[in-house]
Structures are given as structure tokens and as C-alpha cells.
Amino acid sequence: MNNAAVAEVFENIGKLLEVKGDSSFKIRAYQRVAREIDHLPVDVTALAEEGRLRSIQGVGDEIEKKILELLETGKLAFYEQLLQEFPPGLIEIMSVPSVGPKMATRLWKELGVTDVTGMEAALRDGRVATLPRMGAKTAENVLHQLEAWRGRKSERLPLGDVRPVALALADALSKTPEVTHVTLAGSIRRWRETVKDIDIIGASDEPQKVTDAFVALPEVAEVISHGPQRASVRLRNGLQADLLLKPEASFASLLQHFTGSKEHNVLLRERAQRMGLSVSEYGITDTATGNLETFATEEAIYKRLGLQFIPPELREGGDEIQRAEKGLIPRLVEIADLKGDLHAHTEWSDGHTPIEVMVAAARARGYQYLAITDHSPGLGIARGLTPDRLLEQLRIIHEMNRTFTDGFRILTGSEVNIKADGALDFPDEVLAELDVVVASVHSAMGQDAVKMTDRIIRAMESPHMDIFGHPTTRLIGQRDPIQVDMEAVFAAAKSTRTALEVNASPSRLDLKDIHVRRAVELGVMLVISTDSHHPDQLAQMPYGVATARRGWAEPVHVLNTRPLPDLLAYLGRVD
DNA sequence: GCCGTTTTCGGCCCGACTGTTTTCAGTCG
């Protein structure tokens, strides 16, 4: 049973207990554990075997027993019994926005609704509208939400698709005279790999005028809610966008509140409460005196709570508050730390521009080096280079390097296929000529975990492989990761001194955040690379940096934060 | 069901908007 499956069981237990009307705190306990297990960088089965389930946040006696039962028997009696008490479609009914446990229960008990189809019928024929304390407007709204919910292909979209839209929306809103400090918050500010909606905040003394302007923007297709301080809309592209406004004095608190995550805020506010303080989007209130204190910066808010500043990328409701309390939030890697990019393609294979155009773009970014890593021959679809073509490219690059007077260096390289048996797609004598060898899986992605893991480890054992490119090959929302034992990959990477790539392409982000964190814990070297096929894509580096930051990576963990001489020394290349 | 710089028992985040209500419950973020 994998982590996602275990997490789903606990998530569903939480939902069913809500319908049952059980303690909201108990419900939260199950939901928290579900989320923690879903975000675990290691296999929950492995943790269980080591007897370390209790190291998961929120796992106590009861839930530990339940996880063990689930893993050992594939079933959980407590859950099975709960499922018997309710119609199986009830959980799905509650996934429709605006339908919570109370309404789901009433629809079931008072109208006999047991699934989404039945709910739709009851909405359409007027039965819902006639229930006490419901009405035509409620029924109409739920029906509308149901149709929108059906139309959506997935709950969350890749950050790379949403972020540009959100920036444009914030820019349009900032032209409203009554608002200042228009800022993106929520999961976009935390750089989560996927986002569900766009959260925008601003400061204003006349917020009603601003929400009025917001719902009137041309991108808005539908207004979901519209009050004096906040508004929610559905955009023409189907995304939901929320706007929240407060007076200038509360802006830092608003930013902190709306950046979330929700789980982070719950933990933060629980901590505050133990200190006799109450945290809200207005500021921090002393519970004893009722005095509201406001703050100029987020740093000041965390400081008031006795905590180190926690960067947005770490605010996921895990152990970041405990660590901040002990002063253990490190100085995370930043875009300015990067000295170069180690994965780029040109028109020699499947890139779109000549070498010199890519190089000029890299130099314009202030880099000291750029690795040209066109594909190896096995990737026919990407016009992979033959050995002869590669050697010709090397001669040209060596000539270009002689023209630089400022120490800039084009690194010769290749993105080499790892073949199905783990062999690399160029002969050793060719690979030996290169400054840097990125090796990646591009074929036979359906291998089982044993074969795939052996294949990758064999490749890493080659003396020439420097970097494992986009290690899980997943494409967010499009292609699942390969089946592979990541713990074994981390161990092999460490023993062979192979760096693992954090591919910054927004459709990849691979390694992903939780794998970065595990790699950092184990002392595995990382690189952050854009895998650019066009000079403009060099600008996607922030997505990779953010992913690394979400995995708690510091400059020392990232190979391409090193200046050229140090990098060459690490790669075993000496001038 | 979990958890501890007041606690192994008694707590457990905070506020806005909507609809159907004459004062509030449900849902969401």
C-alpha cells in the first residue's frame, strides 16, 4: 500500500466523521495525518518496519495502530465499519464546492440522496429548494457549483500555467486608485507545484471600491461572492480568484494570513494561544487586555511569537514552526546564489536557437558558465547527436571559449539517454571528452521498480555520469513518475557522487520538493537546471530555486552555486 | 485523537460572506 492510498483512507475517515458529527478536533487529527503521510518523502511502509511511525507529526497511539493494521492486512476495520454506515457516494457529494457535511447528511436522510447523480436530480426537480432552511437560491447555487465541478478536469493546475495569469490579474487590479500593495499570496507565493486558485491581497481604506473594480475586470466570467472586504470570482479560463483587503496597518498580517498554508496558520495560532495571544489577519491581540498590535513586516510578526522568520516556501504546516522556535531555519538557496546553468539545448538537437544565442542569454543573466547538453543519438525524436556531430560541436565550443575575456566558460556536455539496461548512450571515450554529463531516462519508462532502480544505479556507477536529469520523469498533470526506489537512488547518488537535478521547467519540477528535502537530509548533492530549449526559458530558474527552497536546500547543497573553478574541481575537470 | 516553557487532562485558529433567517448556521479560506 503506497502513501497516497494510506492518506486517502484517513482523509475519508475524516470526511465520514464529519457527517457523523464527531468531534471537530478528532476530525482534524485524522485529516492532519492524511496530509502528513501524503507529503512524506519516504515510504510509510518503510517507516512502519523501522517502528518510526510516531515520528510522523500528529501520529499517536491510536492512529499508529490503525496505520499498522492497514499496512499488514490491507484493510482497516474501523474504516470498513464507518463505510457501512453511510452510502458510498456521500464522500463524492461533499467534494462539490458549497456542499459540506451538514448539507450532505440532510440530502441523504431527508431526500434519500446517495450519490452526485441523485443530488443533481433532487436539485433540478425542486426537492432541495423545498427543504426547511434551504431555498431556491441555495439549490440554484449548488447546481451551478456541481456543473462547474464536473467541467473541471482536475482540481489543481500547474503553477507555471497559473502564475503568469495571476501576475496579469494583479497588475490590472493595481491600476485601481483606491488600492496599494497589490500582492499575490496563497500557494502561488509559497510556490507550490500546483495551485487551486489565485489569491490576491491589497491595502485599502476604501475596500468596497476595490472589490467592485475587481469583480468588474474583463477577465471575470462570474462572481461567486462579493463583500466589502473580500470577493471571489471565476475567471474566463475557469480558475477561481480571491481578493482580500485590509487597511494599510494590517497589511503584513493580511499577507501572513493569506499566504497560509491553512495548516501552518492553525499551528501558528495554537502556539500564539499558549502565549496568551490571538493571531488574525488584523494583527496580534493580547487575550488578557484585548489590545491589538499591528506589524510593519512579516518578520516582526514571527518575532513577536518568538520565532525565526519562516520563508513562505516552508509554510506547509509540517515541522517548520518547531524548527523556527529553535533557530533552525537555514539560509535557503536564492536565485542570486546560482553561478550558472548546467542543462541547456540548442538547435543542434531539439532546441530552437544556435549555441551563441543561448550563451548570450546566459551571460546576460550574469552567469559564469553554461553547459550545452544536447541529446544523445538514441533520442531520435529530439534529433540526438551522433558521436561525430558531438565532437564537431566540442571543437566549435572550444573555439568560442577562447573568445571570452571575462572568464565565462561554455561547458561541453550532453544529455545522455540511460538505456533500458542502464548503459549510457555514448561510448566511454566520447563521454570522457565532456565537461559535464547529464544522464536521463527517456525510454522504457514503464519498467517495474526493481528493473528501473537497477538500471539507474548501473548508470550512476559509470565514471562519466555527473548529473541525474529530471530523476522521476514526471510531467505535472500529464505523466506519472517512473516506478523507482528513491531511497536506493539517493544512496547510490551519494556513494557515486552523482548530483540529482532539480529540473526547473514548470511542467517538471523534478526532483519535487519532498524529494529535495530527503536528498538534503542524506547529504546528496543537487543541481538546479532549467533544461532550456530556448533562451527565454533560462528565466524559469526561479521555479527550480523555489522547489529547492521548499525542500530546505541551502547554497551548500547545490552544485551550481559554486564558482567555475570549484565546479570544475568537483566534476574532476581541471583546466 | 493529539499534545505539553502553565497541563498526562483540558484544551484544541480566526474571520468573511451567503441564504434564510428575525439572530445564526453552514461553508470556505
Side-chain angles (χ1 to χ4, degrees), chain A residues 10 13-14 17-19 21-34 36 54 56-67 78 94-107 128-142 144-145 185-187 195-201 207-208 211 215 223-233 240-246 250 253-254 256-285 287 292 305-306 317 321-322 325-326:
Chain A
F10 286 101
I13 288 175
L17 291 178
E18 273 190 304
V19 178
D22 213 321
S23 148
S24 58
F25 307 112
K26 193 196 279 191
I27 291 160
R28 216 181 78 196
Y30 280 108
Q31 289 173 336
R32 173 160 198 218
V33 167
E36 287 291 335
R54 294 291 289 267
I56 302 170
Q57 312 263 330
V59 173
D61 264 339
E62 270 308 304
I63 294 186
E64 180 182 34
K65 269 189 259 171
K66 290 189 168 74
I67 296 174
F78 175 73
M94 283 191 286
S95 67
V96 176
S98 81
V99 181
K102 302 288 188 209
M103 184 180 288
T105 310
R106 289 195 60 194
L107 294 180
V128 174
T130 57
L131 286 178
R133 295 188 61 84
M134 296 224 193
K137 276 198 163 179
T138 302
E140 196 185 322
N141 177 51
V142 173
H144 192 73
Q145 296 285 354
S187 50
V195 293
K196 190 161 65 72
D197 51 26
I198 296 170
D199 297 318
I200 305 178
I201 59 169
Q208 179 82 59
T211 61
V215 302
V223 178
I224 299 167
S225 74
H226 178 193
Q229 298 185 51
R230 63 190 303 166
S232 291
V233 299
Q240 183 175 327
D242 299 330
L243 172 67
L244 194 51
L245 301 158
K246 288 283 176 277
S250 290
S253 281
L254 177 64
Q256 195 287 316
H257 166 73
F258 220 25
T259 296
S261 67
K262 188 181 170 189
E263 293 81 6
H264 173 83
N265 284 348
V266 168
L267 295 174
L268 192 72
R269 289 165 181 204
E270 279 176 359
R271 172 187 171 81
Q273 210 171 44
R274 290 195 294 274
M275 299 169 71
L277 300 170
S278 169
V279 176
S280 78
E281 58 265 52
Y282 289 95
I284 297 181
T285 307
T287 326
L292 176 72
L305 298 172
I321 291 176
Q322 294 167 14
E325 186 177 328
K326 295 177 194 146

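Proteins get letters first, then strands, A, B, ... in listed order; numbering begins at 1 in each. Computed from heavy atoms alone, side chains included, the values below leave out hydrogens, waters and symmetry copies.
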Specify the separation, in whole Å, of atom [atom1] of [X] and atom [atom2] of [N].
X      : N      : atom1 : atom2 : value
A:E140 : B:dG19 : CD    : P     : 9 Å
A:K26  : B:dC3  : NZ    : C1'   : 16 Å
A:E263 : B:dC14 : CD    : P     : 16 Å
A:L277 : B:dC14 : CG    : P     : 10 Å
A:Q208 : B:dC17 : CD    : C1'   : 12 Å
A:E325 : B:dT5  : CD    : P     : 7 Å
A:I67  : B:dC2  : CD1   : C1'   : 13 Å
A:R271 : B:dT6  : CZ    : P     : 10 Å

Pairs flagged by side-chain hydrogen bond (donor to acceptor under 3.5 Å, both in side chains) wherever residues 56-66 of chain A is involved - sequence neighbours left out: A:Y30-A:K66, A:R32-A:Q57, A:R54-A:D61, A:Q57-A:Q322, A:E62-A:K66
Nearest-Å distance once atom [atom1] is located in both [N] and [M]:
N      : M      : atom1 : answer
B:dT8  : B:dC2  : C1'   : 12 Å
B:dC12 : B:dA16 : C1'   : 22 Å
B:dT6  : B:dG10 : C1'   : 12 Å
B:dC13 : B:dC3  : P     : 14 Å
B:dT20 : B:dT27 : P     : 14 Å
B:dT21 : B:dA25 : P     : 14 Å

Partners passing salt bridge (charged side-chain N to carboxylate O under 4.0 Å, His left out) against [X] (at least two apart in sequence or in another chain):
X      : result
A:R230 : none
A:R269 : none
A:E263 : A:R35
A:K262 : none

A:T285 vs A:Q57, nearer the 5' end of DNA chain B by closest nucleotide: A:Q57
Toward the 5' end of DNA chain B, by each residue's nearest nucleotide, A:A231 or A:M275: A:M275
Taking only N/O atoms, report every protein-nucleotides 8-12 of chain B pair under 3.5 Å with atom names and distance.
from: B:dC12; atom 1: O3'; to: A:E270; atom 2: OE2; distance (Å): 3.3

N/O donor-acceptor pair under 3.5 Å between A:T287 side chain and A:G276 backbone: yes
Exam field: side chain A:D199 to backbone A:A185, donor-acceptor pair closer than 3.5 Å: no
Heavy atoms only, 4.0 Å cut-off, all strands: where does [X] land among base, sugar-phosphate and nothing?
X      : answer
A:A139 : nothing
A:K65  : nothing
A:D61  : sugar-phosphate

Anti versus syn assignment for B:dT7, with syn defined as within 90° of 0: syn
Greater than 12 external heavy atoms within 6.0 Å of A:E140's CD: no
Residues forming a side chain to side chain donor-acceptor pair (under 3.5 Å) with A:T138, sequence neighbours excluded: none
Residues that A:S95 engages under side chain to side chain contact (heavy atoms under 4.5 Å, CB included), provided they are two or more places apart: A:E92, A:W149
Opposite nucleotide pairing with B:dG4, Watson-Crick or G-U, both atom distances under 3.5 Å: B:dC9
Sequence-aligned protein contact record of nucleotides 21-29 of chain B, with B where the base is within under 4.0 Å of a protein heavy atom and S where only the sugar-phosphate is: S---SSSSB
Phosphate-side-chain proximity, A:Y282 and B:dA16, N/O vs OP1/OP2 below 4.0 Å: yes
Full working for side chain to side chain contact (heavy atoms under 4.5 Å, CB included) between A:H257 and A:K246: CA-CA 11 Å; A:H257 166 73; A:K246 288 283 176 277; over 6 Å; no
